[in-house]
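Here is the structure we will look at, set down as structure tokens.
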Amino acid sequence: MLITNGTLITFGATPRVIPGGAVYYEFDTILEVGSTAELTARYPHAERLDAGGKIVMPGLICGHTHFYGAFARGMAIPGEAPANFPEILDRLWWKIDRALTLEDCTYSALVCLVDAIRHGTTTLIDHHASPNAIDGSLDAIAAAVIQAGVRASLCYEVTDRNGHAGALAGIAENTRFVRRLRSEPHPRLGASFGLHASLTLSDATLAACVAEAQSLDVGFHIHVAEDMADQRDSLKQYDLRVVERLEKRGVLGPKTIAVHCVHVDGYERETLRATGTHVTHQPRSNMNNAVGVADVTDFLHRGINVALGNDGFSNNMFTEMHVACLVHKLNARDPRAMPGNLVTQMAFAENSRLARLFWDKPLGALESGALADIILLDYHPFTPLTDGNYPWHLIFGMDGSQVTHTICGGQMLMRDRQLLTLDEATISARARELAREVWKRVAEM
């Protein structure tokens with residue numbers, strides 16, 4: 001496929017804007033990027049897609065999400081509104097995940113994947129929980145991912161909050177799914193070993209998880225110091241701060257994703273750097289839960305890979321970038337904080353580094369050898385768009401609602417805003433039926 005007549009924003013090793021640009025890919029891999037004139041002459045017989053002056057850029061990556069939370073949208077929680085993050089967990093998330101069946105897991109994933117395709121997000125790293133439907137839950141989500149045609153890494157959240165048997169079942173689900181992908185690999189699926197958070201994991205369970213993950217040679221995906229409650233629990237029970245505890249128990253390392261890291265001190269940040277652990281930042285979720293704002297700039301200055309996720313918010317990652325840019329300025333009361341180039345560094349370069357844990361070829365770039373994850377946006381700027389200012393166009397002008405075409409691994413998933421792999425109306429209709437039943441079960445808890 002040869003995409004012609006686009007305004008390319010390449011990102012990658014040498015980010016540049018190419019007016020009148022073209023991208024040529026075969027199967028799932030980009031072979032060449034250049035001008036339309038050059039590539040049309042070089043590939044005269046290739047199937048063509050005329051971008052008509054639209055923005056052409058890499059598909060977006062979500063470094064951390066929760067498909068299972070989709071049915072929480074609009075659900076009322078009886079009684080007074082939760083006053084803090086532990087109450088939000090106890091009264092909302094730890095009820096809705098217990099209410100899910102395997103079919104709910106499938107459809108909560110499908111509605112999120114519809115949202116992702118519509119907004120140009122082609123790669124997602126998911127963290128799942130369904131305590132009363134653990135066995136086979138990752139298979140159910142994987143089937144939805146394959147049907148949608150996107151790329152996703154999956155894991156199951158191990159926790160002690162549902163008893164010893166629940167923890168063992170979570171360990172078994174992670175292990176089974178990793179082994180499944182080893183024996184039956186799929187180019188669009190990856191896996192890690194899911195853990196909830198320090199405050200719901202005993203030393204014994206952590207030890208069992210570490211032993212299993214080491215035998216499988218996989219890293220962890222775990223929430224870290226999202227709220228001060230995590231730090232207070234770790235200090236009270238183990239006389240260690242969260243990152244210190246996880247490092248001593250063997251959880252951290254270059255294959256591990258530490259989510260949030262809002263309440264970590266300088267020593268913990270240095271530990272994350274020294275162990276090569278990846279961190280993900282979810283500003284919309286942190287704002288919604290009122291847990292604080294992570295010092296992302298300090299992480300980046302230390303050389304820690306900080307990717308951008310959404311924690312189960314909409315898969316419009318453009319919105320996540322917009323919020324990341326703004327909330328840090330407000331928090332610091334400094335308009336120089338979190339400039340657009342740092343936001344795009346997280347969303348593309350840092351997320352690409354994170355995705356390489358699961359896929360061999362580069363993502364998040366229009367360059368030779370990268371996976372052909374490509375989106376087109378109906379954005380026609382009325383000011384100059386250049387190599388030097390494209391991050392600010394992305395922050396202040398572009399949005400996922402402008403995406404017209406979504407391609408993942410060379411497969412067209414959406415053309416002219418028409419979904420090609422998923423029947424949105426049918427999925428939404430069934431999801432509404434299932435959500436009513438989930439809400440009933442939550443109300444009875």
Side-chain angles (χ1 to χ4, degrees), residues 57-75 93 96 100 103-129 140-154 188-189 280 282-285 288 307-324 347 351 355 363-364 373-378 394 398-409 411-435 438:
M57 60 187 284
L60 298 174
I61 300 167
C62 176
H64 170 75
T65 193
H66 295 289
F67 295 151
Y68 80 83
F71 290 169
R73 182 175 295 182
M75 188 180 76
W93 299 116
I96 200 165
L100 299 175
E103 187 179 12
D104 298 329
C105 295
T106 296
Y107 276 85
S108 61
L110 284 170
V111 295
C112 290
L113 297 174
V114 166
D115 184 55
I117 294 169
R118 285 214 170 277
H119 294 103
T121 301
T122 53
T123 298
L124 305 103
I125 301 175
D126 185 60
H127 191 276
H128 179 65
I141 298 169
V145 170
I146 293 169
Q147 179 184 350
V150 299
R151 196 182 314 281
S153 176
L154 310 178
R188 288 179 178 158
L189 293 176
T280 67
Q282 292 70 221
R284 282 187 291 176
S285 172
N288 184 55
L308 191 67
N310 64 31
D311 205 30
F313 266 68
S314 76
N315 285 309
N316 185 346
M317 291 300 294
F318 287 91
T319 303
E320 205 71 46
M321 286 185 269
H322 303 164
V323 172
N351 264 346
L363 293 115
D373 293 6
I374 304 167
I375 61 175
L376 276 61
L377 281 81
D378 196 11
L394 194 150
M398 299 183 200
D399 182 69
S401 63
Q402 298 162 348
V403 174
T404 62
H405 294 66
T406 299
I407 300 165
C408 181
Q411 180 184 3
M412 188 79 67
L413 309 183
M414 182 172 73
R415 181 190 291 268
D416 292 323
R417 295 192 169 92
Q418 297 300 308
L419 298 181
L420 303 179
T421 58
L422 297 177
D423 184 336
E424 183 175 7
T426 299
I427 289 169
S428 296
R430 181 57 180 154
R432 281 191 292 272
E433 293 172 351
L434 294 171
V438 169

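If you're wondering where the values come from, they're calculated on a predicted model, not measured in any experiment. Heavy-atom basis, side chains included; hydrogens, waters and symmetry copies ignored.
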Next on the checklist: Please report the interatomic distance OH(Tyr107) to CZ(Arg432), rounded to the nearest 0.5 Å.
Outcome noted: 12.0 Å
Checklist entry - How long is the span from the CG atom in Asp115 to the CZ atom in Phe313, to the nearest 0.5 Å? => result 12.5 Å
Item to check | Pair Val150-Leu124, side chain to side chain contact (heavy atoms under 4.5 Å, CB included): steps then yes or no | outcome: CA-CA 8 Å; Val150 299; Leu124 305 103; 4.3 Å; yes
Item to check | Distance, nearest 0.5 Å, that separates CG of Leu413 from OG1 of Thr421 | outcome: 5.0 Å
Next on the checklist: Quick check on side chain to side chain contact (heavy atoms under 4.5 Å, CB included): which of Leu377, Leu394, Asn316 does Asp399 satisfy it with?
Outcome noted: Asn316
Checklist entry - Which heavy atom in Leu419 sits nearest to a heavy atom in Met414, and how many Å separate them? => result CD2-SD, 3.9 Å
Next on the checklist: Is the shortest side-chain heavy-atom distance between Ile141 and His128 below 4.5 Å?
Outcome noted: yes
Item to check | ring pair (Phe, Tyr, Trp, His ring centres under 6.0 Å) against His66, all qualifying residues, sequence neighbours excluded | outcome: His64, Tyr68, His127, His223
Checklist entry - Is the side chain of Asn351 donor-acceptor paired with the backbone N or O of Ile61 at a distance under 3.5 Å, no angle test? => result yes
Item to check | Asn310 (side chain) donor-acceptor with Gly312 (main chain) under 3.5 angstrom | outcome: yes
Item to check | Donor-acceptor under 3.5 Å (Glu424 side chain, Leu422 main chain) | outcome: no
Next on the checklist: Applying salt bridge (Lys or Arg N to Asp or Glu O under 4.0 Å) as the test, list every pair that has at least one member in residues 309-321; sequence neighbours left out.
Outcome noted: Arg284-Glu320
Item to check | Test side chain to side chain contact (heavy atoms under 4.5 Å, CB included) applied to Leu363 and Arg151, step by step | outcome: CA-CA 11 Å; Leu363 293 115; Arg151 196 182 314 281; 3.3 Å; yes
Checklist entry - Is Glu103 close to Leu434 at the side-chain level, that is, under 4.5 Å between some pair of heavy atoms? => result yes
Next on the checklist: Show the nearest heavy-atom pair for residues Ser108 and Ala70, with the distance to one decimal.
Outcome noted: O-CB, 3.7 Å
Checklist entry - How about Leu110 and Phe67: do any of their side-chain heavy atoms sit closer than 4.5 Å? => result no
Checklist entry - Which atom names give the shortest non-hydrogen contact between Leu189 and Ala142, and what distance separates them? => result CD1-CB, 3.9 Å
Item to check | Verdict with reasoning, Thr122 to Thr406, per side chain to side chain contact (heavy atoms under 4.5 Å, CB included) | outcome: CA-CA 8 Å; Thr122 53; Thr406 299; 3.6 Å; yes
Checklist entry - Between the main-chain N or O of Arg417 and the side-chain N or O of Arg118, is there a donor-acceptor pair closer than 3.5 Å? => result yes
Checklist entry - Going by atom types alone, do Asp126 and Thr65 pair a side-chain donor with an acceptor below 3.5 Å? => result no
Item to check | Full working for side chain to side chain contact (heavy atoms under 4.5 Å, CB included) between Asp373 and Thr123 | outcome: CA-CA 9 Å; Asp373 293 6; Thr123 298; 3.6 Å; yes
Next on the checklist: If I take atom NE2 from residue His405 and atom CD1 from residue Ile374, how far apart are they, to the nearest 0.5 angstrom?
Outcome noted: 11.5 Å
Checklist entry - Going by heavy atoms in the side chains, are Ile427 and Val111 under 4.5 Å from each other? => result yes
Checklist outcome for this item: Of all heavy-atom pairs linking Ala324 and Leu308, the shortest is CB-CD1, 4.4 Å
Checklist entry - Rounded to the nearest 0.5 Å, how far does CG of Asp423 lie from CZ of Arg430? => result 14.5 Å
Checklist outcome for this item: Shortest non-hydrogen pair, Leu100 vs Ile96, comes out as CG-O, 3.3 Å
Next on the checklist: Give me the atom names and distance for the closest heavy-atom approach of Cys62 to Asn315.
Outcome noted: SG-OD1, 4.4 Å
Checklist entry - Any donor and acceptor pair, going by atom type alone, linking the side chain of Gln411 with main-chain N or O of Cys408 inside 3.5 Å? => result no
